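In what follows, a single structure is set out as structure tokens and then discussed.
Quick caveat, the model's predicted, so the values are computed rather than measured.
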Amino acid sequence: MEAPQNSSLANDRLVFEINKERFEVPEIDPSTTLLEFLRTRTRFRAPKLGCGEGGCGACLVLLTKYDHVLKKTGSFSVNSCLMLLCSVNGCSITTSEGLGSTKDGFHPIHKRFAGFHASQCGYCTPGMCMSLFSALANAEKKYSSQAPPGFSKLTVSEAEKAITGNLCRCTGYRPIADACKSFAEDVDLEDLKINSFWRKGDKDIGVNKLPLYNPKDNTFPYSDRLDDEFKSTRILNFEKYSWYTPVTIEELQSFLNSDTVENGKKIKLVVGNTGDGYYKETEKYDNYIDLRYIPELSMVKEDNLGVEFGAALSISKVILYLKEKSEEVVFARIADHMEKVASGFIRNSASLGGNLVMAQRKHFPSDIATLLLAADCSVSILTGHKQEKITIEEFLNRPPFDPKDVLLSVHIPFLEPKMIDGSVENNSKLLFETYRTAPRPLGNALPYLNAAFLADICWNENGVLVNSVRLAFGAYGTKHATRATKVEEYLAGKTLSVEILEEALKLVKSSIVPEEGTSYPSYRRSLAVSFLFSFLIMSGGSPEDFKDSLLEEAAKSMSPVINPPLLSSANQNVQYNKDYYPVGEPMPKYGAAMQASGEAVYVDDIPSPPNCLHGAFILGTKPSARVKGISFESDIQSTGVTDVISIKDIPKEGENIGVTNNFGSEPLFGGDISRFAGDIIAFVVAETQKHANFAAKTALLDYDTEDLDPPILTVEEAVESSSFFDVPSYLYPAKMKLGSQYYFYMETQTALAIPDEDNCIVVYNSIQCPEFAHTAIAKCLGVPEHNVHVITRRLGGSFGGKTSRAMSVATACALAAHKLRRPVRCYLDRKTDMIVAGGRHPMKITYTAGFKSTGKITALHLDVLINAGITINLSPIMPHGIISALKKYNWGALSFDIKLCKTNLTSKSSMRAPGRVQGSYIAEVILERVASLLSKEVDSVRNINLHTHESLKLFYPDAVGELIEYTLPSILDKLAISSCLNERLAMVKQFNLTNIWRKKGISRVPIIYQVSLKPTPGKVSVLGDGSIVVEVGGIEMGQGLWTKVKQATAYALSSIQCDETEDLVEKVRIIQADTLSIVQGGTTAGSTTSEASCAAVRICCNLLVERLSPIREKLKEQTGTVKWNDLIVQARNDNVNLAASSFFVPESSSASYLNYGAAVSEVEINVLTGETTILRSDLIYDSGQSLNPAVDMGQIEGSFVQGLGFFMLEEYLADEDGMVTTDSSWIYKIPTLDTIPKQFNVEILSSGHHQKRILSSKACGEPPLLLAVSVHCATKAAINEARKQLKSWGAVEGTDSAFLLDVPATLPVVKQLCGLNTVETYLQSLLAHYSFYTFTRELID
């Protein structure tokens, strides 16, 4: 590729398009991101701020620009939260609402996402749509072949990978993958499961059933067309605002050495700005220099020595070029590995040079640096007036790059095997392999360790000879990637043998030494051993090449690496019923297409009123410390700060209250004492959210701990200090540890407060319980509750996390707005949200169990210490939740001692299935322990301790129901058949006998989950045209509450028996919750609010039907037929009240009931790395008669996957002061598409008519989360097989079958239990076996 000739003129105006609208910006702060501009200065709201780090994909847009090198238009997805606005000069931006809308018609992507039920809360959906659209657009350009009509040129694999970087906390990803795969040319449409286009068993399944996709109409208009104005090179030189765009290296040198820079001003070199996602810099820059228009920095040059890549090239472009040179083994491997760096949309804008400079200057754990180090690459750099070419090793080992130094290019050489007399030695071969182990297989996660190995080997009569080798390791807790030179020197010139291999592994273990403070140092060193072992043992063309019987045996132990598809075909089985039509229909979630297009309005989408201010919390960083004062690193007035609100600003009539609930209240501000790390000390208010966040991050707190008690951070310390909250008396009087979990809702905590007349205030709040926010705000301001008006339309996810902390945000905004008489809004950045959220309750459990030789438990006693944090919050519900879930087995005699410990930590709150997920896990741990002690199969121990209906009535006296309702035994039997459990158990056993480094486990787990209905209000109003408006106390947060209420309303009103009432559901609209319209709304929680809301509207509808029936009878006598609209017109003429309110209060006899389900999960672990692959999960869940099977399927799958996060992935950790350290999407890893079950089979069991249930339905939002413990149990079973094997090799430590698998069972945890020295033990066993065999032969001879 040649460099473009620059014929452009400098311009001082920023010009670009958004959704084909031209924008010309004469003035802008160069630190402004594209997302900030979109959300504050345009009407487009589809891109969301999910993390601000490039880690979630909620902010994705399509960027289209003219490529002057390729002479064509190119399009790709980018993170608008990181992309600087000045970088889109001359570009066209497309957001999801630019593809289609309610007004102009939805795009096929939007329609298919809705039809495949792929949107729940909807906050991530526009970003998902743009990921898919970008893949569609590029597939059309990439391939010359013609796709079948109605399909794209994407393959199924590419369609799945298109969204691997996007996060979703609701759906579990399976329906999103189906929506994407529906566009793939090689898709089998019958593999796509529950959707609104066809039903299982339909004979005419075809593309004609899907919303039509035509690239000419649905892709090219957005990705191919660019106005001529944007095809000329537009150079932006914003001298007034310090943005400069040099077009030659000479210009760049001149500027870097000018007085402007020499006078101590801070400069920032810019390409993609993706580094901000990781480092989140708070310093301000005086000058920004855009490097993208310097030809030498964006070109690719090839000669006979190798290929030189300009440093400003995006990683994605580098990958594409490397793939074109795939005949070069080094290039192909580097390309494959680089596709696991970050995510596709990050790679599209992140530059090759930027990644390396971060590694060199800031010690970023770069994969690319490691790859280049192993491949003996070099770089060209510019320092001052000097250009020089140095090796990548020299570059990394230099002192940190100066901000004025520039990386110009990277050279990757063509490598050949050892040369003798100018020709390649016979049988010589170059081997190049790369390795990385990370929480997510397909990237978007930093590795625990990465490595790349280059070896020149040859085969001779003695085996495999290592001529030379380069071994590079990185990301293990050192400043940068390093070479294991001692190992290289040792191996050079040696023929491989087990003894040589063993010594090399000892050397590598001593070479890879993480710095102090690095997490899991022993695990990382163990990985280094595993990587080198895998490389050397596979270096022979075949095991026989080693000419060494022991090495040959070791080589045979390695299974070939197979890359299976992300997801396999799966089954989603539902049973439909029309008893309460349209209830029971699998209708798409209300507003799903609108959510996909980005038109659905969340709190942060509401346009800011005039004079609106923005707030951010100043948090304490120490526990139990006196705050003497607050200062700032810079002059806050110059940064747009208006005020700092603190406890002193609470009106004298008000109280320091930020949260209130049924168990009490907690303060808004910590006051003079920072009670815990993360305590709210003040609320800084500024002209923009960016200014407020900047001020909060640069706030300095002066502390004093004199005369204060030391903080209590653990439950053990709480016991020593007798620091407890009272456990409510209605609970039972009441050694393992369970950690916390963060909600990771895609929409962080947010609120908007607007002062109103007569000392009133209107607050828009993303909250599960507006009623309690209403009360907290009134108490804080010291005003009557009728002066407060809280409105909640929808939430961008919640999972229990928007009960308490959402109130603090709303109350802080209200207090600031009340004082300043200006609107104030706040949208917490992800770091702050993660610090203040609280999350699940950590706990310590000690138990004593009595049991018979059969495995039957006869008695159980538990001592449970629950870490509740600084206030009681919702912690009193925890003991009941633990007990309730634990009772799924018949324990015989059962006793507890449960204590709520008060500690100097953030208050813990309820999270999806609070207490119950822990209780269910405790039960499984106990049974697994008993099975291990008795050497029995754990499934048989589970079966013998299952309840009979009689014992069930003893353990759940108020909820058990009739015998016919106890479906768990039949569910377990059915699941054993549908999952082929017995056959797979035999297959797993055989697999484990024949595989050394991979082990499988399989487990079947039941659940019993008790829920309770709560009183719920409702209101139904019929308008003049016959349309219907419904209000309920329940909040729509992705669980489909509005959809089910719509269906229930239509069903209840259809009893009037008008003509054409089958279309009644389309006349119903559910509107936002309003605390001055619907009172006593309570909290949307516990999985039963949807059905309770349906019950409330049924009461309203029955009242309306009662009022309308006489009029209907009269009209029918007159006309013979009665249409709904005619009936309403007549009722209005007769002055009939067409609005009805209700307050549903469940009967005591049916307020509580039990839910049943079971799961079988099979996993495969990598004994060398600790990686766990979930091969298959089969679920059967009894939902009674589902109110909406499609919605419930999404709830079941999403809940299960969130449970996977708790049991397998998510570490919510804190430092020695209790400050959260896993505070970003870079560190905290929720499940992604590549971590869910490969095959995910779900059946919703319709257990028939339940007279005491609302419309015969049962809850499904939380209970399936508990079934994810089946994956944890299967993982433990696989680990046990690895430990048995370890024992057979002669190991003593780490071989006991009675071991505890921590939660979460992360890679380091699994690997440690499999043995950190597994490879060494294996090699020693080979040598010992060989010595024994030799000695025996000598005796015989």
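Using the six-membered ring where Trp is involved, Phe1207 and Tyr921 have ring planes that are tilted, between 30° and 60° apart.
Counting all heavy atoms, side chain and backbone alike, Leu1213 lies closest to Thr1222 at N-OG1, 2.9 Å. Here the shortest heavy-atom pairing between Pro770 and Ile1035 reads CG-CD1, 3.7 Å.
Panel note: side chain Thr811, backbone Ser808; no donor-acceptor pair is recorded below 3.5 Å. Side-chain atoms of Thr748 never come within 3.5 Å of backbone atoms of Arg830 as a donor-acceptor pair (strictly under, hydrogens ignored). Counting only distance, with no hydrogens or angles, the side chain of Asn787 and the backbone of Val783 share no donor-acceptor pair below 3.5 Å. Judged purely by atom type and a 3.5 angstrom limit, Asp1302 has no side-chain atom pairing as donor or acceptor with the backbone of Ala1305. Although no hydrogens or angles enter the test, the distance criterion places no donor-acceptor pair under 3.5 Å between the side chain of Lys902 and the main chain of Ser723. A donor-acceptor pair is defined here as one N or O able to donate and one able to accept, closer than 3.5 Å; no such pair exists between the side chain of Thr858 and the backbone of Gly892.
The salt bridge (Lys or Arg N to Asp or Glu O under 4.0 Å) search around Glu1036 returns Lys589, not counting sequence neighbours. For Tyr1156, there are no side chain to side chain donor-acceptor pair (under 3.5 Å) partners at least two apart in sequence or on another chain. Residues forming a side chain to side chain donor-acceptor pair (under 3.5 Å) with Arg929 (at least two apart in sequence, or on another chain): none. By the salt bridge (Lys or Arg N to Asp or Glu O under 4.0 Å) test, Asp829 pairs with no residue at all, sequence neighbours left out.
Inspection of the Ser909 and Asn873 side chains reveals an N or O donor paired with an N or O acceptor under 3.5 Å. In this structure, a donor-acceptor pair under 3.5 Å is present between the side chains of Ser766 and Glu747. For the residue pair Ser1152 / Asp958, no side-chain donor-acceptor distance below 3.5 Å is found, with atom types taken as modelled. Residues Tyr1228 and Glu1210 have side chains that bring a donor and an acceptor to within less than 3.5 angstrom of each other. One side chain, Lys888 or Ser920, offers a donor N or O that lies under 3.5 Å from an acceptor on the other. Side-chain contact, Gln768 with Thr803: no donor N or O sits under 3.5 Å from an acceptor N or O.
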Going through the distances and angles, do Thr871 and Ser907 end up as a side chain to side chain donor-acceptor pair (under 3.5 Å)? CA-CA 5 Å; Thr871 66; Ser907 295; 2.5 Å; yes
Could you go step by step and tell me if Thr1016 and Ser1093 meet the side chain to side chain donor-acceptor pair (under 3.5 Å) rule? CA-CA 6 Å; Thr1016 304; Ser1093 296; 5.1 Å; no
Between Tyr743 and Asp833, does the side chain to side chain donor-acceptor pair (under 3.5 Å) criterion hold? Intermediate values first, please. CA-CA 10 Å; Tyr743 309 96; Asp833 196 284; over 6 Å; no
Verdict with reasoning, Thr792 to Asn765, per side chain to side chain donor-acceptor pair (under 3.5 Å): CA-CA 6 Å; Thr792 300; Asn765 193 196; 5.7 Å; no
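Other residues, nucleotides and ligands contribute more than 12 heavy atoms inside 6.0 Å of the NZ atom of Lys697. More than 12 non-hydrogen atoms from other residues, nucleotides or ligands lie less than 6.0 angstrom from NZ of Lys1014. Other residues, nucleotides and ligands contribute only 12 or fewer heavy atoms inside 6.0 Å of the CG atom of Asp672.
The side chain to side chain donor-acceptor pair (under 3.5 Å) analysis of residues 646-659, with sequence neighbours excluded, yields the pairs Asp649-Lys819. Under the side chain to side chain donor-acceptor pair (under 3.5 Å) criterion, the residue pairs touching residues 839-850 are Glu716-Lys844, Gln741-Arg840, His841-Ser875, with sequence neighbours excluded.
With respect to Arg626 and Glu706, no salt bridge is recorded, no charged nitrogen being found less than 4.0 Å from a carboxylate O. Salt-bridge formation is not detected for the pair Lys1276/Glu924: no Lys NZ or Arg NE/NH1/NH2 atom is positioned less than 4.0 Å from an Asp or Glu carboxylate oxygen. Ion pair Lys1229/Glu1211 not flagged as a salt bridge, since none of the NZ, NE, NH1 or NH2 atoms sits closer than 4.0 Å to an Asp/Glu carboxylate oxygen.
The NE2 atom of His947 sits 10.0 Å away from the OH atom of Tyr889 when rounded to the nearest 0.5 Å.
The distance between the ring centers of Phe617 and Phe683 falls below 6.0 angstrom.
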